[in-house]
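Atoms considered below: every heavy atom in the structure, side chains included; atoms not considered: hydrogens, waters and symmetry mates. Remember, predicted model here, so these are calculated numbers, not experimental data.
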Amino acid sequence: MEVVKPVGFPARYVAVGAVSMMAVALAWLIYNWPVTVQYFPTYAVTYSKGLGQSFELEVVNETGHPVHFCASMYGWLPNGSFAEIGKGCGVGRKNFDPKPLRQYAETWRGYKGVEPGVIILLTYLNGTKPDGKPALARTAKSFTIQPERVAGGENVKATIKVKAKPPKEDNKPSEQANTKFGPSLQSWPPESIPEYCYQNSQANEVYCYEWGLDTVYYSVLDTKVPTVAARIEWTSDASYIDKIDLFFLIDATSSTAMYFSAGAAISYGSTASGSASYSADIYTIVLSNTRLKNDTDSAGIKSFEPRGQPGVYVVGFYGDVALVRYKEYVVIYPYLFSKPTGYVADVYLVRPSAARMQRNVIALFQDVDPDPTDNYGYSQIFNILSSYWSANYKWDDKEIAVNSYTVINEVQGAPELSIGIPLAQYPSGVSPLLTAAIGFSASTQSSASIVALVRLLAYLRESYRDVLDIIGWYYYPDTKFKFNNKDYRIPSIFMDLYAWPQNAR
């Protein structure tokens, strides 16, 4: 291409101008170059810069096939309240107003190395029923955001993977598929109907699904969150057991992602039941490269000595806790009629205290509940676990030891869900199997990379070791939680301790 130079315009300026244009083009390319952040296989977040700000949610199945979905998104604010981030339906992807997400990010600005989660409640198409109607599935997912990027105006694209079958109609011409699973190419449905909801072509009705916040059972800030505990119910056992060591480590100073995973129970009806589906694919907080580190040794938390006194012995951290219920609604067009579907989602969220995290502090505590049978406080937790959870036992003539890292295999769990945290309060209608978890990226598994660990050791008095054994029962929910699109049990280190005669083995 020939460059025509204006009369009197020196050649060197043309060269300088060309270089400047190239520099501007290169700068623009770098300015828009996307950066993808991915800790787990089930989600990825891509950031890019540009004019204005956009926010896109993409939902695909495990093979990358677009999924028909309706999503409702919420954020858990540092002050303990919940903010709606967006609702809408799409096929594979949906653009949302970025303002609520940006405002959510603003509240977390200044928390170095802390990525807060966005809760996503999904109703999506999971294949087709034999009668040709869409088969719907419900699940709870999430992604995390980097507050500085989002609050700074960068574009956000969050990609979520779900376990879903494509509809049979996807193999047919698009016009035929759209008559059941999206807007018609003809006059139906009207343009005012939200895009890509589920259509009943026979009745000329369109169904759009959304999850609304229904009940906040409790939201408590900077409270004691028990992480590992032992109970001795009887005075005789407390006399035979010499010492109990409870150890807890939490370390978010490395590049390995440590995270706090919420638990969700989705069930049909007003009360949770055994038919509920459980999910742990909800990240309340992801921590990495921070100053947040603590353990019971450095915190000066010592061993417990029962000395003949029964009780519940507890170690944990100061955190924020919330239990909320969402209800699913269906909006029927063109009548604009909304009604509950009967599905509810109970979500149990735990994180380190936001107020302390802002000061780069994770604070630990130790407690003793002197009445292990009054069904109040820590003893209530044990009563629920012993009634509804499954149990494994440890048995020895001297001492027993159990830790979160080794219990994973015993309960068919996953390293990413290494520490289970049961509910401290169980409101009526909420599943007693619900639990949250602490975990870390399993891609760098080794003893050197463990960033979240609990351990319990209990010792029998030496003078009784020839005639007695020490027995410990630790509890875990027998139900399996969906995590990374697979099902796992979540281990916990809550143990009942006894001393039995050796001939009772």
Legend entry - Set of residues satisfying salt bridge (charged side-chain N to carboxylate O under 4.0 Å, His left out) with respect to R489, sequence neighbours excluded: D478

Inset, instruction - Could you tell me which residues satisfy salt bridge (charged side-chain N to carboxylate O under 4.0 Å, His left out) with D222, sequence neighbours excluded, listed by chain and number? - result: R356

Inset, instruction - Please determine if R325 and D214 form a salt bridge, counting it only when a charged side-chain N lies under 4.0 Å from a carboxylate O. - result: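 Salt bridge absent between R325 and D214.
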
Legend entry - Presence of salt bridge, K486 and E416, under 4.0 angstrom: no

Quick check: do [X] and [Y] have side-chain heavy atoms less than 4.5 Å from each other?
X    : Y    : answer
I362 : K293 : no
L385 : P422 : yes
V407 : Y476 : no

Legend entry - Geometric cation-pi criterion, R351 with F260: 6.0 Å, 45°: no

Inset, instruction - In a single word, yes or no, tell whether C89 and C197 have an SG-SG distance below 2.5 angstrom. - result: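 No, because the SG atoms of C89 and C197 are not under 2.5 Å apart, which misses the disulfide cut-off.
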
Inset, instruction - May I ask you to check whether over 12 heavy atoms, not counting those of K327, lie within 6.0 Å of atom NZ? - result: no

Inset, instruction - Count the heavy atoms of every other residue, nucleotide or ligand shown that sit under 6.0 Å from CZ of F82, and state whether that count exceeds 12. - result: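 Yes, the 6.0 Å shell around CZ holds more than 12 heavy atoms from other groups.
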
Any side-chain donor paired with an acceptor under 3.5 Å for [X] and [Y]?
X    : Y    : value
E410 : Y474 : yes
T36  : T46  : yes
Y278 : D487 : no

Inset, instruction - Evaluate the criterion side chain to side chain donor-acceptor pair (under 3.5 Å) for residue pair N79 and S81; output intermediate values, then yes/no. - result: CA-CA 6 Å; N79 66 6; S81 60; 2.6 Å; yes

Legend entry - Aromatic centroids of Y207 and Y198 separated by under 6.0 Å: no

Inset, instruction - With rounding to the nearest 0.5 Å, note down the distance linking NZ in K141 to NZ in K161. - result: 10.5 Å

Inset, instruction - Name the orientation class of the two ring planes belonging to F96 and F55 (parallel below 30°, tilted from 30 to 60°, perpendicular beyond 60°). - result: tilted

Which atom pairs, donor and acceptor, lie under 3.5 Å between side-chain atoms of residues 112-124 and protein residues at least two apart or in another chain?
residue, atom, partner, partner atom, Å
E115, OE1, T144, OG1, 3.1
E115, OE2, Y39, OH, 2.7
E115, OE2, Q146, NE2, 3.2
T123, OG1, W211, NE1, 3.1
T123, OG1, E328, OE2, 2.5
Y124, OH, K163, O, 3.0

